[in-house]
Amino acid sequence: MGATEHVGQRESVGSEEREENVEKEEQRVKDLEKGEVGLEEKVVESYNNLNEFHLSRLQRLNPSNPLRIAINASTRVGTPSPSRFSQASQPRSTAVNSSTRAATPSPSQFSQASQPRSTPTPQQSLITLNSTSYTNKISLFLFLLHMVVAVGLVCFLIFKGVQGFIQSSDTVKRAEKKVLQFFLPQVEAASLLSITLAFTWQKAVREWPRFMVPFILWSTFIMTLSAGILLLCFQKPPTDGVGVCFIFFAIGNGLYACWVTQRIKFCCKVLIKALEPVPKFHNLNQPTYWMLGAGFIWMSLWILAVIGALNFYLPALIIILLVLSLAWTTEVMRNIANLTVSRVIALYYLRGMQSNTQFCFQRALTKNLGSASLGSLFVPAIEALRIVARALNLLEGEDEFMFSCAHCCLGVMESIFRHGNGWAYVQIAAYGKGFVKASQDTWELFQKQEMEAIVDSDMTSAICFLTGVCSGSICVIVVAAWTYKVHPSFVATVSLLAFFIGYLMTRIAMALPHACVSCYYACYAENPDNRLFDNTIKDRLGFIKAHRDVIVPTPRIPRRFAAR
């Protein structure tokens, strides 16, 4: 009897200790989910092709709950295989059995005894999803320094503009008054029109993707051609130069639309599948609203600063610096929206989690801002070089010198694509990696799944780019006609500025569909067996391997050069 009571006391003490450990682990996971902000990320309660699982609040992200691990086994990445997990738990279970000195426990007692001891691997996975370190700190410092200088310069130039109205000579006053009267209204109208077009494009792409992809290709061709012809009709040297540029771009756009005709069907199919999770997050577009509002306010102040630059030294140089600053700032705004959407959608695919959009937005504004700043500098340049690489891949002939140049340039492209690409934002948002590391890891996943040909030929970035160009062309048509009526000498300048504003605003809004498609590819490469994915990519890979599908990949080093 005494031995039995002693064993019972030890079992009760052990059960109390296990309950305390479970409570501690639950509290640690809750703190981890809050991310030092106080917002939670909830587990999705339903999965495709599965019965609904109603998990209690304590079961949601409890790494000590084996049911939570079993449910998410199909979506969790990085979790050890069952054999490794059982091997790791065997010595722990032996220790528990030896400490109790009791009869062989039942399966339920064994699982309860081993729960607190099986937490390290799931907990490490959760820590990677909630990294508290700042990424790319040097670029973050440079961007913040740039913003301090830009805000100071804008405020100073606005002051100089006001001072010009009060204290300057009549010549300066007349010049600034003319700019305010015939320049500022058109630019503000272009900003409002571009915001309207931005939301229209995004809504249309989300509702009718099959129709919108070919519509964007050909409407951009029509609008840029119309803008170029309109500017040529004004018969002024500045407008003629700008109009010729629009016409050349329209010709290239038309050739591209004919070139990618065979890829439109697959692009639409991926876009439809990638946009399926969006209705599950009712406020997913909220960061886009904030970014567009901030962009409109900043552009309004920026225009006033341009007017003030006319009353300061070297106005042309200052205006060029202001344009570069505006381009970087708005690109960072776009990537902040991209990172927010990428985190929400990526965690839905990888962990089955319904994340809080506001929490993800705060992470993008703080911890991932450095990566957004670095990517905003290099990804546009990489995309431009990608176009050059495609052109070089079309070089044919017997000119050894041209082939040597192509060999050199394509070698540079190979390195650039590996160390910096737009797909990196998915892993930056999900795991808190730096831009270069995320680019390398994402490309390695694509290579592992043999998906390079598919992602190379993806049209999503081109479609988002062309929507911006189309919006900019529409703004040019409206603003150029207006300006020619009131002040013809401002037509070329106002047209360029209107195109710039329309393009930037639309690109911010199109960050949502672009991020969804990026997550679809990157998350599939990380876990192809996820129940949330269908056979779209798998069938496409099968067609490519069987030489039954036509692709136009981003060029790599040709075999004739690689063999040397």
*List the steps and the verdict of ring-ring contact (aromatic ring centres under 6.0 Å, His included) for Tyr256 and Phe221.*
CA-CA 10 Å; Tyr256 177 77; Phe221 167 74; over 10 Å; no
Measure the spacing between [atom1] of [X] and [atom2] of [Y] and express it to the nearest 0.5 Å.
X	Y	atom1	atom2	value
Leu374	Phe378	CG	CZ	5.5 Å
His146	Leu153	NE2	CG	9.5 Å
Leu271	Cys516	CG	SG	8.5 Å
Leu365	Met291	CG	CE	5.5 Å
Ile454	Gln449	CD1	CD	10.5 Å
Cys470	Ile463	SG	CD1	11.0 Å

Counting only N and O atoms by type, is there a donor-acceptor contact under 3.5 Å from the side chain of [X] to the main-chain atoms of [Y]?
X	Y	value
Arg263	Ser457	yes
Asn356	Phe359	yes
Trp298	Gly293	no
Ser439	Gly422	no
Asn136	Phe435	yes
Ser495	Val476	no

*How would you list, by chain and number, every residue that makes a side chain to side chain contact (heavy atoms under 4.5 Å, CB included) with Phe215, sequence neighbours excluded?*
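Phe215 satisfies side chain to side chain contact (heavy atoms under 4.5 Å, CB included) with Trp201, Phe211, Met212, Ser219 only.
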*asked:* The criterion is side chain to side chain contact (heavy atoms under 4.5 Å, CB included); which residues satisfy it with Ile222, sequence neighbours excluded?
replied: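 Per chain and number, Ile222 pairs via side chain to side chain contact (heavy atoms under 4.5 Å, CB included) with Ser226.
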_Gln202: which of Thr506, Thr467, Asn285 passes side chain to side chain donor-acceptor pair (under 3.5 Å)_ =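 So the option named by the test is Asn285.
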Give a yes-or-no answer on whether the side chains of [X] and [Y] include a donor-acceptor pair shorter than 3.5 Å.
X	Y	answer
Gln358	Asn283	no
Asn335	Tyr425	yes
Glu188	Ser300	yes
Thr220	Asn253	no

*Got a sec, which pairs hit side-chain hydrogen bond (donor to acceptor under 3.5 Å, both in side chains) with one end in residues 508-523, sequence neighbours left out?*
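Qualifying pairs, neighbours excluded: Asp458-Tyr521, Tyr520-Asp534.
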*Count the heavy atoms belonging to other residues, nucleotides or ligands that lie under 6.0 Å from CD1 of Ile138, then report whether that count exceeds 12.*
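No - once you tally the heavy atoms of other residues, nucleotides and ligands closer than 6.0 Å, there are 12 at most.
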_Heavy-atom count check: over 12 atoms from other residues, nucleotides or ligands less than 6.0 Å from Trp290 CH2?_
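Atom CH2 in Trp290 is not packed in, count stays at 12 or less.
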*Is the Lys NZ or Arg CZ of Arg540 less than 6.0 Å from the centre of Phe266's six-membered ring, within 45° of the axis?*
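The answer is yes, since Arg540 meets both limits relative to Phe266.
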*For the residue pair Pro277 and Ala274, what are the closest heavy atoms and their distance?*
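Between these two residues, the closest heavy atoms are CD-O, 3.2 Å.
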*Considering non-hydrogen atoms only, spot the tightest contact between Thr135 and Asn368 and give its length.*
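Closest pair (atom of Thr135, atom of Asn368, distance): OG1-CA, 3.5 Å.
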_Applying salt bridge (Lys or Arg N to Asp or Glu O under 4.0 Å) as the test, list every pair that has at least one member in residues 193-219; sequence neighbours left out._
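Every pair satisfying salt bridge (Lys or Arg N to Asp or Glu O under 4.0 Å) with a residue in residues 193-219: Lys203-Glu207.
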*Can you list every salt bridge (Lys or Arg N to Asp or Glu O under 4.0 Å) pair that touches residues 318-333, not counting sequence neighbours?*
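The answer is Glu331-Arg334.
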*asked:* Angle between ring planes, Phe446 versus Trp423, binned at 30° and 60°: parallel, tilted or perpendicular?
replied: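 Perpendicular.
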*Close side-chain approach of Val278 to Leu275, heavy-atom, < 4.5 Å*: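 Heavy-atom side-chain distance check passes, below 4.5 Å.
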_Steps toward side chain to side chain contact (heavy atoms under 4.5 Å, CB included) verdict (Asn535, Lys538)_ = CA-CA 5 Å; Asn535 293 327; Lys538 187 179 297 184; 4.2 Å; yes
*Quick one: are the ring centres of Tyr349 and Phe533 less than 6.0 Å apart?*
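Ring-ring flag for Tyr349/Phe533: true, centres closer than 6.0 Å.
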Atom pairs and distances, donor-acceptor, side-chain atoms in residues 189-196, under 3.5 Å, two or more places apart:
residue	atom	partner	partner atom	Å
Ser191	OG	Val187	O	3.1
Ser194	OG	Ala190	O	3.1
Ser194	OG	Ser191	O	2.6
Thr196	OG1	Leu192	O	3.0

